Amino acid sequence: MARRLRSVDLDFVEAAPLRLVFAAEVAAPPEAVYRALADDVEGWPSWFTQLTSARPIDAGAGREVRLRGGIRFRETIVAAEPGSRYAYRIDDSNAPGLQALVEEWLLTPAGTGTRVQWTFAADGAALFRFTMRRARPAVGRSFRDAVRNLGRRLSGPAGG
């Protein structure tokens, strides 16, 4: 059953008790990466394979996301800066022990491509925090795979 999480602001990205930060480069310009993140919400499962579905809600002000394993999120977009930053707060979830979560995607030019930095900023019960810290390598692999897949998608005939 989904439950309401604590409402936090964008500054939670820096203040969260649990912060997982990953970065990778993709051979596409920041504007194209941003469009894939912010404008093509329903396309996320094609490159971020941990997602089974994603759809915009509330006239684009939020999203509903489902992950493998049955975890669900209802999110509110808290930062939408074309070409540089996309962030959202999780408002409702069925994830056990999760109390607050903001995810931020920072995009910076890197040669002819983009450096993508993803921050998973969360709070939760002690067991949740312990589990997520232990899962850090797997979460990092998932992120790097997603960025690699996104790069392939953006460099394909319909990409960019």
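Computed from a prediction, not measured in an experiment: that's the story for all the values here.
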| request: Identify the heavy atoms of Pro56 and Val41 that sit nearest to each other, and give their distance. | output: N-CG1, 3.8 Å

| field | Audit row: Asp9, Val78, side chain to side chain contact (heavy atoms under 4.5 Å, CB included) steps and yes/no | value | CA-CA 8 Å; Asp9 295 322; Val78 293; over 6 Å; no

| field | Step-by-step side chain to side chain contact (heavy atoms under 4.5 Å, CB included) determination, Arg89 to Val8 | value | CA-CA 7 Å; Arg89 173 187 64 234; Val8 291; 4.2 Å; yes

| task | Could you note down all residue pairs passing salt bridge (charged side-chain N to carboxylate O under 4.0 Å, His left out) where residues 41-50 supplies at least one of them, sequence neighbours left out? | result | none

Table please: side-chain donor-acceptor pairs of residues 144-151 below 3.5 Å, with sequence neighbours left out.
from, atom 1, to, atom 2, distance (Å)
Arg144, NH1, Gly140, O, 3.3
Asp145, OD1, Arg148, NH2, 2.4
Asn149, OD1, Arg152, NH1, 3.0
Asn149, ND2, Trp47, O, 3.1
Asn149, ND2, Asp145, O, 3.3

| Any donor-acceptor N/O pair, Trp44 side chain to Leu37 backbone, under 3.5 Å | yes

| message | Quick check on the hydrophobic clustering: are Phe73 and Leu10 connected, directly or via other members, by side-chain heavy-atom contacts under 4.5 Å? | response | no

| query | Are Val13 and Phe143 joined in one hydrophobic group, where the rule is that I, L, V, M, F, W and Y side chains link up if heavy atoms are under 4.5 Å apart? | reply | no

| Shortest non-hydrogen contact from Leu154 toward Ala36 | CD2-CB, 4.3 Å

| query | Under 4.5 Å between any side-chain heavy atoms of Phe120 and Leu18, yes or no? | reply | yes

| Does the pair Thr52 and Leu67 meet the rule for a side chain to side chain contact (heavy atoms under 4.5 Å, CB included), with working shown? | CA-CA 5 Å; Thr52 59; Leu67 303 178; over 6 Å; no

| query | Would you say the side-chain atoms of Thr114 pair up with the backbone N or O of Leu107, donor to acceptor, closer than 3.5 Å? | reply | no

| request: Would you please name every residue forming a salt bridge (Lys or Arg N to Asp or Glu O under 4.0 Å) with Asp39, sequence neighbours left out? | output: none

| task | If a pair satisfies side-chain hydrogen bond (donor to acceptor under 3.5 Å, both in side chains) and one of its residues is in residues 74-85, list it, with sequence neighbours excluded. | result | Arg63-Glu75, Glu64-Arg74, Thr76-Asp91, Glu81-Arg85, Arg85-Glu104

| task | Decide yes or no for Leu51 and Phe48: does some side-chain heavy atom of the first lie under 4.5 Å from some side-chain heavy atom of the second? | result | yes

| ring pair (Phe, Tyr, Trp, His ring centres under 6.0 Å) partners for Tyr86, two or more places apart | Tyr88

| Taking only residues two or more places apart in sequence or in another chain, which ones pass side chain to side chain donor-acceptor pair (under 3.5 Å) with Gln117? | Arg115

| query | Mind checking what makes salt bridge (Lys or Arg N to Asp or Glu O under 4.0 Å) contact with Glu103, not counting sequence neighbours? | reply | none

| task | For Arg3 and Ala95, indicate whether the former's side chain and the latter's backbone hold a donor-acceptor pair under 3.5 Å. | result | yes

| request: Check whether Leu20 and Leu106 end up in the same hydrophobic cluster, where Ile, Leu, Val, Met, Phe, Trp and Tyr are linked by side-chain heavy atoms less than 4.5 Å apart. | output: no

| How far apart are the C-alpha atoms of Ser46 and Arg153, what are their side-chain angles, what is the distance that settles it, and do they pass the side chain to side chain donor-acceptor pair (under 3.5 Å) test? | CA-CA 8 Å; Ser46 70; Arg153 180 179 169 97; 2.5 Å; yes

| Do Val33 and Trp105 come within less than 4.5 Å of each other through their side chains, counting heavy atoms only? | no

| request: Enter the distance from Phe22:CZ to Ser142:OG here, rounded to the nearest 0.5 Å. | output: 9.0 Å

| said: Between Ile71 and Ser93, is the side chain to side chain contact (heavy atoms under 4.5 Å, CB included) condition met? List the steps. | reply: CA-CA 7 Å; Ile71 300 296; Ser93 178; 4.2 Å; yes

| task | Kindly write out the residues that satisfy side chain to side chain donor-acceptor pair (under 3.5 Å) with Thr108, not counting sequence neighbours, or none if the list is empty. | result | none

| For the residue pair Ala54 and Val65, what are the closest heavy atoms and their distance? | CB-CG2, 4.2 Å

| query | Can you list the residues that meet the salt bridge (Lys or Arg N to Asp or Glu O under 4.0 Å) rule with Arg4, with sequence neighbours excluded? | reply | Asp92

| query | Between the main-chain N or O of Ala61 and the side-chain N or O of Asp58, is there a donor-acceptor pair closer than 3.5 Å? | reply | no

| field | Shortest non-hydrogen contact from Asn94 toward Gly70 | value | ND2-O, 3.0 Å

| query | If you look only at pairs with a residue in residues 11-28, which of them pass as a side-chain hydrogen bond (donor to acceptor under 3.5 Å, both in side chains), with sequence neighbours excluded? | reply | none

| query | Which other residues end up in the same hydrophobic cluster as Val21, if Ile, Leu, Val, Met, Phe, Trp and Tyr are linked when side-chain heavy atoms come under 4.5 Å apart? | reply | none

| message | If we ignore hydrogens and angles and just use 3.5 Å, is the side chain of Thr119 paired with the main-chain N or O of Ala121 as donor and acceptor? | response | no

| By side-chain contact (heavy atoms from CB on, under 4.5 Å), which residues pair with Pro17, not counting sequence neighbours? | Phe12, Asp123, Arg129

